[in-house]
Amino acid sequence: MSPPTPRLRRALLVLATALAALLCAPAPLPAAADGPADTAPAADTAPAAGDGPADWTARPAGGGADRDARPYVYLEGTPGTALQDRLAVTNSGRAPLTVRLRGDGRAGAWIGFAADTVTVPARTRAEVPLALMVPPDAVPGDASGEVVADDGDEEIRVPVRVRIGGPTLAALTVEDVEISGGSIRYALVNRGNAMLEPRLAVRADGMFGTLLDRPERPLPLELAPGRRVERTEPWPDAPALDAVTVRLRVTAPGGARDEAEASATYVPVGPAVGGGLLVLGGLALLGSGAYRRRRARRGDPEPPDTEAGGTEPPGAESADDRQPTTETRPLVKAGPLVKAGAES
């Protein structure tokens with residue numbers, strides 16, 4: 001295979017340089033997404049008993065004034081026991097109010113009401129007894145659920161927390177850590193039988209030192225036994241060019257603790273490709289120069305340029321030179337030899 005001609009080499013070098021300049025041009029930064037970057041499903045936060053609609057409320061009874069009311073129903077017992085409490089429904093409107101009551105969630109399924117449907121007169125408060133039966137085979141630890149009061153148009157949910165007697169196990173894992181652009185995704189799983197309030201610490205190290213070091217802080221959620229929640233940790237000042245390792249450490253009361261890590265390499269796409277093309281162009285130029293120097297040392301003639309338009313190298317035979325030739329010569333007939341000398 002013949003080496004590239006000087007013109008072809010120049011064309012390849014110019015093309016590589018143009019592509020590198022195009023790819024190295026700065027790209028516009030993506031617009032920041034609206035809304036918070038670190039959110040968790042509403043079901044995983046610990047809701048408090050709220051007012052709900054403007055003309056009626058539902059709360060745990062016995063809390064005194066509204067500002068001192070219990071935020072949720074809390075009960076303690078051993079497997080197989082019945083626990084009792086009361087739900088207060090207040091109608092501040094001018095017309096009678098009818099609400100239906102039901103339980104929701106694990107602990108909510110254990111609840112029975114004195115009446116599933118309650119009618120409360122105008123400007124009146126009614127207290128409805130409820131009983132929670134802890135199953136005999138319930139696992140010691142924490143269980144959660146809700147009491148739902150529904151008037152047909154709107155509903156109020158009152159949280160229920162149950163502590164089941166017996167040995168408890170606090171176990172928490174952090175899983176599926178993933179680094180994506182300016183965020184860190186991960187999942188928390190409650191592997192024990194106790195309600196957990198996890199805390200999170202984040203650290204990121206690059207090739208030249210620590211890039212991110214967030215001390216341990218509480219997360220705005222309560223993690224029920226067996227529950228899994230996926231979360232996102234924002235990292236708006238992530239590096240543009242580095243190899244990083246991110247470590248997450250989670251803890252919770254009761255001795256629950258776990259760590260996980262993930263690695264990622266940040267490389268700008270445009271400059272990387274453009275730099276690669278420049279390197280390839282330089283290597284091609286250096287290789288061509290080395291080839292010419294090697295031929296010069298060996299004394300070989302320089303390969304012809306294709307622009308010469310068919311000029312033949314010196315010393316080459318033409319087609320006419322290679323044709324056999326026939327030369328005609330006259331025949332000379334030999335005569336008798338005459339010996340020179342004097343005649344006698």
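Val189 and Leu219 are members of different hydrophobic clusters when ILVMFWY side chains are connected at heavy-atom separations under 4.5 Å. With hydrophobic clusters built from ILVMFWY side chains whose heavy atoms lie under 4.5 angstrom apart, Leu196 does not share a cluster with Leu169.
Between Pro167 and Pro140 the shortest heavy-atom distance is O-CB, 3.2 Å. Between Ala262 and Ile179, the shortest heavy-atom distance links the atoms O-CD1, 3.6 Å. Heavy atoms only, all atoms of each residue included: Pro71 and Pro159 are closest at O-CD, 3.9 Å. Across all their heavy atoms, Pro79 and Gly165 have their closest contact at CD-O, 3.9 Å. Nearest heavy atom pair, residue Gly145 against residue Ala107, reads N-CB, 3.7 Å. The shortest heavy-atom contact between Ala115 and Val128 is O-CG1, 4.1 Å.
For the pair Val162 and Arg106, the minimum side-chain heavy-atom distance is 4.5 Å or more. Put simply, the side chain of Pro135 reaches to within 4.5 Å of the side chain of Trp110, judged on heavy atoms. Between Asp176 and Arg228, the closest side-chain pair of non-hydrogen atoms falls below 4.5 Å. Residues Ile156 and Trp56 form a side-chain contact, since some pair of their non-hydrogen atoms from C-beta on lies under 4.5 Å apart. Leu212 is not listed as a side-chain neighbour of Thr210, based on a closest heavy-atom distance of 4.5 Å or more. Looking only at side-chain heavy atoms (C-beta outward), Tyr186 and Glu230 stay at 4.5 Å or farther from each other. Considering only heavy atoms from C-beta on, Arg214 stays 4.5 Å or farther from Arg203 through its side chain.
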Decide side-chain contact (heavy atoms from CB on, under 4.5 Å) for Leu87 and Leu101; before the verdict, give the C-alpha distance in whole Å, the side-chain angles of both, and the deciding distance to 0.1 Å. CA-CA 10 Å; Leu87 181 72; Leu101 304 176; 3.9 Å; yes
For Leu132 and Val160, run side-chain contact (heavy atoms from CB on, under 4.5 Å): C-alpha distance rounded to whole Å, both residues' side-chain angles, the deciding distance at 0.1 Å, then the answer. CA-CA 10 Å; Leu132 186 148; Val160 177; 4.2 Å; yes
Go through Val139 and Ile164 one step at a time and tell me if the side-chain contact (heavy atoms from CB on, under 4.5 Å) criterion holds. CA-CA 7 Å; Val139 178; Ile164 304 171; over 6 Å; no
Check against side-chain contact (heavy atoms from CB on, under 4.5 Å), Met195 and Arg161: CA-CA 9 Å; Met195 186 74 66; Arg161 301 287 185 262; 4.0 Å; yes
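Applying the side-chain contact (heavy atoms from CB on, under 4.5 Å) criterion to Ala260, with sequence neighbours excluded, gives Val174, Val177. For Asp104, the side-chain contact (heavy atoms from CB on, under 4.5 Å) test picks out Arg102, Glu146, Val148, Arg157, with sequence neighbours left out. Arg191 pairs by the salt bridge (charged side-chain N to carboxylate O under 4.0 Å, His left out) definition with Glu175, not counting sequence neighbours. In this structure, the salt bridge (charged side-chain N to carboxylate O under 4.0 Å, His left out) partners of Glu259, at least two apart in sequence or on a different chain, are Arg257. Every residue meeting the side-chain contact (heavy atoms from CB on, under 4.5 Å) condition with Glu178, not counting sequence neighbours, appears here in chain and number order: Arg185. Scanning for side chain to side chain donor-acceptor pair (under 3.5 Å) contacts around Tyr266 gives an empty result, with sequence neighbours left out. Not counting sequence neighbours, Asn190 has no partner by the side chain to side chain donor-acceptor pair (under 3.5 Å) test. Considering only residues two or more places apart in sequence or on other chains, Thr78 meets the side chain to side chain donor-acceptor pair (under 3.5 Å) condition with none of them.
With Asp151 contributing its side chain and Glu155 its backbone, the two residues share no donor-acceptor pair below 3.5 Å. A donor-acceptor distance shorter than 3.5 angstrom exists from the side chain of Arg70 to the backbone of Ala61, with no hydrogens or angles considered.
Note that CD of Glu127 and CG of Asp85 are 10.0 Å apart. Values are rounded to the nearest 0.5 Å. Once rounded to the nearest 0.5 Å, the distance linking CG of Asn91 with CG of Leu97 reads 4.5 Å. Atoms CG and CG, on Leu188 and Leu221 in that order, are 7.0 Å from each other to the nearest 0.5 Å.
For residues 130-144, the pairs satisfying side-chain hydrogen bond (donor to acceptor under 3.5 Å, both in side chains) are Asp142-Arg163, with sequence neighbours left out.
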Only pairs under 3.5 Å count here: list side-chain donor-acceptor contacts from residues 235-254, not counting sequence neighbours, and write none if there are none.
from: Trp235; atom 1: NE1; to: Asp237; atom 2: OD1; distance (Å): 3.2
from: Asp242; atom 1: OD1; to: Met207; atom 2: N; distance (Å): 3.2
from: Thr245; atom 1: OG1; to: Ser263; atom 2: OG; distance (Å): 3.3
from: Arg247; atom 1: NE; to: Glu261; atom 2: OE1; distance (Å): 3.2
from: Arg247; atom 1: NH1; to: Asp205; atom 2: OD2; distance (Å): 3.1
from: Thr251; atom 1: OG1; to: Glu216; atom 2: OE2; distance (Å): 2.9

Which atom pairs, donor and acceptor, lie under 3.5 Å between side-chain atoms of residues 116-123 and protein residues at least two apart or in another chain?
from: Thr117; atom 1: OG1; to: Arg100; atom 2: NH1; distance (Å): 3.2
from: Thr119; atom 1: OG1; to: Thr98; atom 2: OG1; distance (Å): 3.1

